[in-house]
Every structure is written in structure tokens, then in C-alpha cells.
Enquirer: 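I have a structure here, written as C-alpha cells, and I will follow up with some questions on it.
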Amino acid sequence: QERLVESGGGLAQAGGSLRLSCAASLGTFSQYAMGWFRQAPRKEREFVAVISYTGRSTYYADSVKGRFIISRDNAKNTVSLQMNILKVEDTAVYSCAAAQWGTTPREAKDYTYWGQGTQVTVSS
């Protein structure tokens, strides 16, 4: 059964770092582009970052470009999001998602499988 499980969320101070991980049970993990989305209270879910199924392409939202880094380990069926120089406005529930044969999809509708999410809270 396909499943995505996030970990690594928590509390951080502004300017600090956190690393999120997503463990995937997807059959052939290397066939899936993996994305991260986030949703803050009273806001719409928004795209954060994506890495293609080959791992050769990445794309970031402007709000996190230069601060966040997405990576994948196909041997371990995991995707990670290294979040640096955190800002209070990064506070949200972060979810990973999978899109089969995707290059760098940026819309939620393009993803088939979703994790439950992990809370990230950044304090000033």
C-alpha cells in the first residue's frame, strides 16, 4: 500500500534550521517526482519545492529559494527538505507528495499520494 510518512518537524527559532524527511512506500520510488507543500493556519496550501523522479531537476517557490534545499535518496526511498534561515512566516504544516513520472510539478492536483504532514513552528 502506498504511503508517505513525514518526520523532522518541530520548533525552531527564526534564523535557525530544520530538516524534514519523508519516508515513502510507493513500489518503485524512483518513478515518482517528490514535492513538499505547506499550509499555514487560515491560508491555502502552497507549493514549496519539488525534485524530479530522476533527481536531476528541482524547483522552489520564490519564498524559499536560496534557503531550502530538496534532495532524494532512491536507495532509502526518502526525500528530504533542508530548511535554513527560517522565518516566522515558514510556520505551517509541511506535507510531502508523490507524482508518478513527474518532472517538477508545482500544483497539488498533479500529485497522487500525500503524507499526513508535520508541524513546523518558527518563533521570533
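No experiment lies behind these values; they were computed from the predicted model shown.
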Enquirer: Between Y111 and P105 (side chain of the first, backbone of the second, donor and acceptor by atom type, cut-off under 3.5 Å), is there such a pair?
Expert: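 Here the side-chain-to-backbone pair exists.
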Enquirer: Working to the nearest 0.5 angstrom, can you tell me the gap between F68 CZ and L81 CG?
Expert: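 Going from CZ on F68 over to CG on L81, the span is 6.0 Å.
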Enquirer: Say whether W114 and F29 are linked into one hydrophobic cluster, either directly or through other cluster members, by side-chain heavy-atom distances under 4.5 angstrom.
Expert: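 Result: no, two separate clusters.
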Enquirer: Apply side chain to side chain contact (heavy atoms under 4.5 Å, CB included) to residues M34 and L26 and explain how you reach the verdict.
Expert: CA-CA 11 Å; M34 299 299 297; L26 291 172; 4.1 Å; yes
Enquirer: Within the structure provided, determine whether I69 and Y60 are in side-chain contact (heavy-atom separation under 4.5 Å).
Expert: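 In contact.
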Enquirer: Could you check whether any side-chain N or O of S52 sits under 3.5 Å from a backbone N or O of S57, counting only pairs where one atom can act as donor and the other as acceptor?
Expert: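 Present.
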Enquirer: Does a side-chain heavy-atom distance below 4.5 Å link Q31 with Y53?
Expert: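 Counting from C-beta outward, Q31 and Y53 never come under 4.5 Å.
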Enquirer: T91 side chain to V122 main-chain N or O, any donor-acceptor pair under 3.5 Å?
Expert: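 The answer is yes, because a donor-acceptor pair under 3.5 Å joins these two groups.
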Enquirer: Does the side chain of S30 come under 3.5 Å of the side chain of N74 through a donor N or O and an acceptor N or O?
Expert: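 No donor-acceptor contact under 3.5 Å links the two side chains.
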Enquirer: Check A92 against A40 and note the closest heavy-atom contact, atom names and distance.
Expert: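 For A92 versus A40, the nearest heavy atoms are CB-N, 3.8 Å.
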Enquirer: Take atom CD in Q39; do more than 12 heavy atoms of anything else shown fall under 6.0 Å from it?
Expert: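 Correct, the count exceeds 12.
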Enquirer: In terms of heavy-atom contacts, does NZ of K65 have more than 12 from other residues, nucleotides or ligands at under 6.0 Å?
Expert: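 Yes, enclosed.
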Enquirer: Could you tell me whether the side chain of F37 reaches within less than 4.5 Å of the side chain of Y94, counting heavy atoms only?
Expert: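 A side-chain contact is absent here, since even the closest heavy-atom pair is not under 4.5 Å.
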Enquirer: So, R19 side chain and Q82 main chain: donor-acceptor pair closer than 3.5 Å or not?
Expert: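 No: the side chain of R19 does not pair with the backbone of Q82.
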Enquirer: Compare all side-chain heavy atoms of Y32 with those of I51 and state whether any distance is below 4.5 angstrom.
Expert: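 A side-chain contact is absent here, since even the closest heavy-atom pair is not under 4.5 Å.
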Enquirer: For the hydrophobic clusters of this structure (ILVMFWY residues joined by side-chain heavy atoms under 4.5 Å, transitively), does one cluster hold both I70 and L86?
Expert: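 Both belong to a single hydrophobic cluster.
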Enquirer: Any side-chain to backbone donor/acceptor pair from R38 onto W36? Under 3.5 Å, distance only.
Expert: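 No; judged by distance alone, with no hydrogens or angles, the pair does not exist.
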Enquirer: If you measure from CZ on R67 to CG on N84, what distance do you get to the nearest 0.5 Å?
Expert: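 Here the interatomic distance stands at 9.0 Å.
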Enquirer: If we only count heavy atoms from C-beta on, is the L18 to V120 side-chain gap below 4.5 Å?
Expert: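 They are in contact (side-chain heavy atoms under 4.5 Å apart), so the answer is yes.
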Enquirer: Pair K87, D90 - check salt bridge (charged side-chain N to carboxylate O under 4.0 Å, His left out), show working.
Expert: CA-CA 5 Å; K87 301 178 181 180; D90 293 322; over 6 Å; no
Enquirer: Heavy-atom distance under 4.5 Å between the side chains of V79 and D73, does that happen here?
Expert: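 SC-SC contact between V79 and D73 ruled out.
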Enquirer: Any side-chain to backbone donor/acceptor pair from E6 onto C96? Under 3.5 Å, distance only.
Expert: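 Side chain of E6 to backbone of C96: a pair is present.
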Enquirer: Show the nearest heavy-atom pair for residues L4 and C22, with the distance to one decimal.
Expert: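 Scanning both residues, the minimum pair turns out to be CB-SG, 4.0 Å.
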Enquirer: Between atom OG of S124 and atom CD of Q13, what is the distance when rounded to the nearest 0.5 Å?
Expert: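 S124 OG to Q13 CD: 9.0 Å, rounded to 0.5 Å.
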Enquirer: Quick check against the 3.5 Å criterion: does R72 have a side-chain atom that pairs as donor or acceptor with the backbone of T54?
Expert: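 Side chain of R72 to backbone of T54: no pair is present.
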Enquirer: When hydrophobic residues are tied together by side-chain contacts of less than 4.5 Å, even through go-betweens, does V50 share a cluster with V48?
Expert: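 Cluster IDs for V50 and V48 differ.
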Enquirer: Would you mind reporting whether T118 and L20 have side-chain heavy atoms less than 4.5 Å apart?
Expert: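 Sidechains of T118 and L20: in contact.
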Enquirer: Heavy-atom count around Q119 CD within 6.0 Å, excluding the residue itself: above 12?
Expert: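 Yes, enclosed.
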Enquirer: Inspect the surroundings of CD in E89 and state if more than 12 heavy atoms from other residues, nucleotides or ligands are less than 6.0 Å away.
Expert: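 Count over threshold, so yes.
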Enquirer: Parallel, tilted or perpendicular for F47 and Y59, by the 30°/60° rule?
Expert: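 The rings of F47 and Y59 sit tilted, inter-plane angle from 30° to 60°.
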